[in-house]
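Heavy atoms only: backbone and side chains are in, while hydrogens, waters and symmetry mates are out.
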Amino acid sequence: MSFDKRAYWEGVLGDGTRPPATDFVGFDLIAFDEKEGWAEAAFCLPAEATNPGGTAQGGFVTAALDEVMSVAGSIVQDGPAMAPTLQMTTSFIRPVPVGVRLIGRGEVVRKGRQAIFTQGFLSTEDGTLLAQATASCIPRSLT
């Protein structure tokens, strides 16, 4: 019997039992392609993520990018899996608003046996780039 990645990930990320951090950043899975190694999600950072300047504090921006890149790194593996982040670098290009719909995209740059390298982009709905990141992750089977 083959493993149905689409059903598994749609269940994990959409059935209401998501991790609290995933819910906190307002994660909403839009689409993914396990063969091409990308995932897209909408985010809506809550007011609690606001910094003194009235925009999102960088740690919450990084968390949103980490979520979508981790999904991309997880779906390219066989069976149920995770891609825990080893290292991540985030570039903050423009202030990130809170309370509005944002679009995140995570992509696998390279998948190896010992590491998965990802990149991510956070934009407004009209495509204005707000932040980008790169990360290295560990492939980790859940079976």
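With sequence neighbours excluded, the residues that form a side-chain hydrogen bond (donor to acceptor under 3.5 Å, both in side chains) with Gln87 are Thr89. Residues that satisfy the side-chain hydrogen bond (donor to acceptor under 3.5 Å, both in side chains) test with Gln114, not counting sequence neighbours, are absent from this structure. In this structure Ala83 satisfies the side-chain contact (heavy atoms from CB on, under 4.5 Å) test together with Ser74, Gln77, Cys137, sequence neighbours excluded. Residues satisfying the ring-ring contact (aromatic ring centres under 6.0 Å, His included) test with Phe32, not counting sequence neighbours, are none. Taking Glu34 as the reference, nothing meets the side-chain hydrogen bond (donor to acceptor under 3.5 Å, both in side chains) condition, with sequence neighbours excluded. Scanning for salt bridge (charged side-chain N to carboxylate O under 4.0 Å, His left out) contacts around Glu125 gives Arg101, with sequence neighbours left out.
Of all heavy-atom pairs between Ala39 and Val68, the closest is O-CG2, 3.4 Å. Scanning all heavy atoms of the two residues, the minimum distance from Ala72 to Gly37 falls at CB-O, 4.0 Å. Summarising the geometry of Ala56 relative to Asn51, their closest heavy-atom pair is O-ND2, 3.5 Å, with the distance given to 0.1 Å.
For the atom pair CD1 of Ile116 and CZ of Arg110, the computed distance is 10.5 Å after rounding to the nearest 0.5 Å. Residue Arg105 holds its CZ atom at 13.5 Å from CG of Leu65, rounded to the nearest 0.5 Å.
Grouped by direct or indirect side-chain proximity (heavy atoms under 4.5 Å, Ile/Leu/Val/Met/Phe/Trp/Tyr only), Ile103 sits with Ile30.
The hydrophobic clustering, which links ILVMFWY residues whose side-chain heavy atoms are closer than 4.5 Å, places Val76 and Val71 together. Residue Ile75 is not grouped with residue Trp38 when hydrophobic side chains (ILVMFWY) are merged at heavy-atom distances under 4.5 angstrom, including chains of intermediate members.
Identified under the salt bridge (charged side-chain N to carboxylate O under 4.0 Å, His left out) test for residues 43-67, with sequence neighbours left out: none. Applying the side chain to side chain donor-acceptor pair (under 3.5 Å) test to pairs two or more places apart or on separate chains, those with a residue in residues 134-143 are Ser141-Thr143. Applying the ring-ring contact (aromatic ring centres under 6.0 Å, His included) test to residues at least two apart or on different chains, the pairs with a partner in residues 57-96 are Phe24-Phe60. For residues 70-97, there are no salt bridge (charged side-chain N to carboxylate O under 4.0 Å, His left out) pairs, not counting sequence neighbours.
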Sequence neighbours excluded and cut-off under 3.5 Å, please list the side-chain donor-acceptor pairs for residues 117-124, or say none.
residue	atom	partner	partner atom	Å
Gln119	NE2	Glu107	OE1	2.6
Thr124	OG1	Asp126	OD1	2.4
Thr124	OG1	Thr128	N	3.1

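Contact of the Met82 side chain with the Leu142 side chain is registered, since non-hydrogen atoms from C-beta on lie closer than 4.5 Å. Annotation: side chain of Thr22 is in contact with side chain of Pro19 (closest heavy-atom distance under 4.5 Å). Using a 4.5 Å cut-off on side-chain heavy atoms (C-beta onward), Thr55 and Thr50 make no contact. For the pair Leu86/Ile138, a side-chain contact is recorded, criterion being any heavy-atom separation below 4.5 Å from C-beta on.
Although no hydrogens or angles enter the test, the distance criterion places a donor-acceptor pair under 3.5 Å between the side chain of Gln57 and the main chain of Gly59.
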Derivation of the side-chain contact (heavy atoms from CB on, under 4.5 Å) call for Leu130 and Val61: CA-CA 9 Å; Leu130 303 172; Val61 174; over 6 Å; no

Verdict with supporting geometry, Val98 and Val100, side-chain contact (heavy atoms from CB on, under 4.5 Å): CA-CA 6 Å; Val98 297; Val100 300; over 6 Å; no

Worked verdict on Ile93 versus Leu129 for side-chain contact (heavy atoms from CB on, under 4.5 Å): CA-CA 7 Å; Ile93 297 165; Leu129 184 63; 3.4 Å; yes

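Under a cut-off of 6.0 angstrom, the local environment of CE in Met88 is crowded, with over 12 non-hydrogen atoms contributed by other residues, nucleotides or ligands.
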